[in-house]
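Step one of this worksheet: look at the structure below.
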Amino acid sequence: MTEGLRERKKRETRLRISDVATGMFMARGFDNVTVAEVARAADVSVNTVFNYFPTKEDLLLDRASEVEELLARVFRERGPGESALEAVRRDFLDALETGHYRYGFHEGGDVLIRMIETSPSLSARIREMDDTRERRLAEAIAEELDADPDDLTPAAVAAQIGAALRTVVGYAVRRMLAGETVAAVAPDLRRQAEHAFALLEKGIGGYGARREE
């Protein structure tokens, strides 16, 4: 579907505001920049900023909706015979290998992580995104497997996968806050992730495996 002029201008405005805000946050710190300052630098009104970004935190975390939907999408797009756990493990290791941003481990990601960890409001928003991401995975599992409303298995599986991700990501964050780069942490992070997923394999490894076509 061809993008119309109105849609293109809206997309470009949103991107400009986000880029300007990110640059200012990187230079001065998230908590030291106001939305009004971002608006002036982007040559838009404060109301326009909030039309595109409901909160100040969304100016930096502008891919929040994509991140929150990530695990549910990975589950829905899993291959034949692939379980929920296997799909997430494959996707996480692929992102780490290719340096994709979707789990936060990409070039420049260490700078973003340090900024998040020093801002209480950003840290709270990340926790909220994690909770939403886990809940949507549980909903996707329950919907596709037609689980009974009283069946807690989809939520339990999603919680275990979410906990494993938070654990390995937390390990990497601690090292990056100590001054290491994403590239330096990546090899050990991969080993830690494979170990964490292997621990879950005995319990939920086969759950939600897609039937062979």
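All residue numbers in this chain count up from 1 along the given sequence.
The shortest side-chain heavy-atom distance between Leu165 and Leu71 falls under the 4.5 Å cut-off. Side-chain contact between Thr22 and Leu60 is present, with at least one heavy-atom pair separated by less than 4.5 Å. With a 4.5 Å cut-off on side-chain heavy atoms, Arg11 and Arg8 count as touching. Using a 4.5 Å cut-off on side-chain heavy atoms (C-beta onward), Ile116 and Leu61 make contact. A 4.5 Å side-chain heavy-atom check between Arg89 and Glu194 finds every atom pair outside the cut-off. Side chains of Tyr103 and Leu70 form a contact here, defined as non-hydrogen atoms less than 4.5 Å apart. Proximity of Phe105 to Met176: side-chain heavy atoms (C-beta onward) are separated by under 4.5 Å at one or more points.
Criterion: ILVMFWY side-chain heavy atoms under 4.5 Å apart, direct or through other members. Under it, Leu85 and Leu152 are not part of a common hydrophobic cluster. Linking Ile, Leu, Val, Met, Phe, Trp and Tyr whenever their side-chain heavy atoms come within less than 4.5 Å puts Val67 and Phe25 in one cluster. Residues Tyr171 and Leu177 share a hydrophobic cluster, clusters being chains of Ile/Leu/Val/Met/Phe/Trp/Tyr side chains in contact below 4.5 Å. If you chain together hydrophobic residues whose side chains sit under 4.5 Å apart, Leu200 and Leu145 fall into the same group. Both Phe30 and Met129 belong to a common hydrophobic cluster when Ile, Leu, Val, Met, Phe, Trp and Tyr are linked at side-chain heavy-atom distances under 4.5 angstrom.
Within a 6.0 Å radius of NE2 in His195, other residues, nucleotides and ligands contribute 12 heavy atoms or fewer. Asp43 CG: 12 or fewer foreign heavy atoms inside a 6.0 Å radius.
The minimum heavy-atom distance between Ala41 and Met24, with the atom names listed, is CB-SD, 3.8 Å. Nearest approach of Ser121 to Glu57, heavy atoms of both residues: OG-OE2, 3.0 Å. Closest non-hydrogen pair, Leu189 versus Val168, comes out as CD1-O, 3.3 Å. For the pair Ala193 and Leu93, the tightest heavy-atom approach, listed with the atom from each and the gap, is CB-CD2, 4.2 Å. In terms of heavy-atom proximity, Arg78 sits nearest to Arg90 at CA-NH2, 4.3 Å. For Asp94 against Arg102, the heavy-atom pair with the smallest separation is OD2-NH2, 2.9 Å.
Using a 4.0 Å cut-off between a side-chain N of Lys or Arg and a carboxylate O of Asp or Glu, Arg190 and Glu97 qualify as a salt bridge. Between Asp19 and Arg16, no side-chain nitrogen of the basic residue sits less than 4.0 Å from a carboxylate oxygen of the acidic one, so the salt-bridge criterion is not met.
Between the CZ atom in Phe50 and the NZ atom in Lys56 there is a gap of 9.5 Å [rounded to 0.5 Å]. Going from atom CZ of Arg136 over to atom OG of Ser65 covers 8.0 Å, rounded to the nearest 0.5 Å. The line from CD of Glu134 to CD of Gln160 is 10.0 Å long, rounded to the nearest 0.5 Å. Residue Leu122 holds its CG atom at 10.0 Å from CG of Asp58, rounded to the nearest 0.5 Å. Distance CZ/Arg14 to OG1/Thr48: 14.0 Å, rounded to 0.5 Å. Expressed to the nearest 0.5 Å, how far CD of Glu139 lies from CZ of Arg135 amounts to 6.0 Å.
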Under the side chain to side chain donor-acceptor pair (under 3.5 Å) criterion, do Asp62 and Tyr52 qualify, and how do the steps go?
-> CA-CA 10 Å; Asp62 60 322; Tyr52 287 97; over 6 Å; no

Evaluation steps, side chain to side chain donor-acceptor pair (under 3.5 Å), between Thr153 and Asp151 = CA-CA 6 Å; Thr153 309; Asp151 184 359; 2.6 Å; yes

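In this view, Glu128 and Arg125 satisfy the side-chain hydrogen bond (donor to acceptor under 3.5 Å, both in side chains) rule, not counting sequence neighbours.
A donor-acceptor contact shorter than 3.5 Å links the side chain of Thr13 to the backbone of Lys9.
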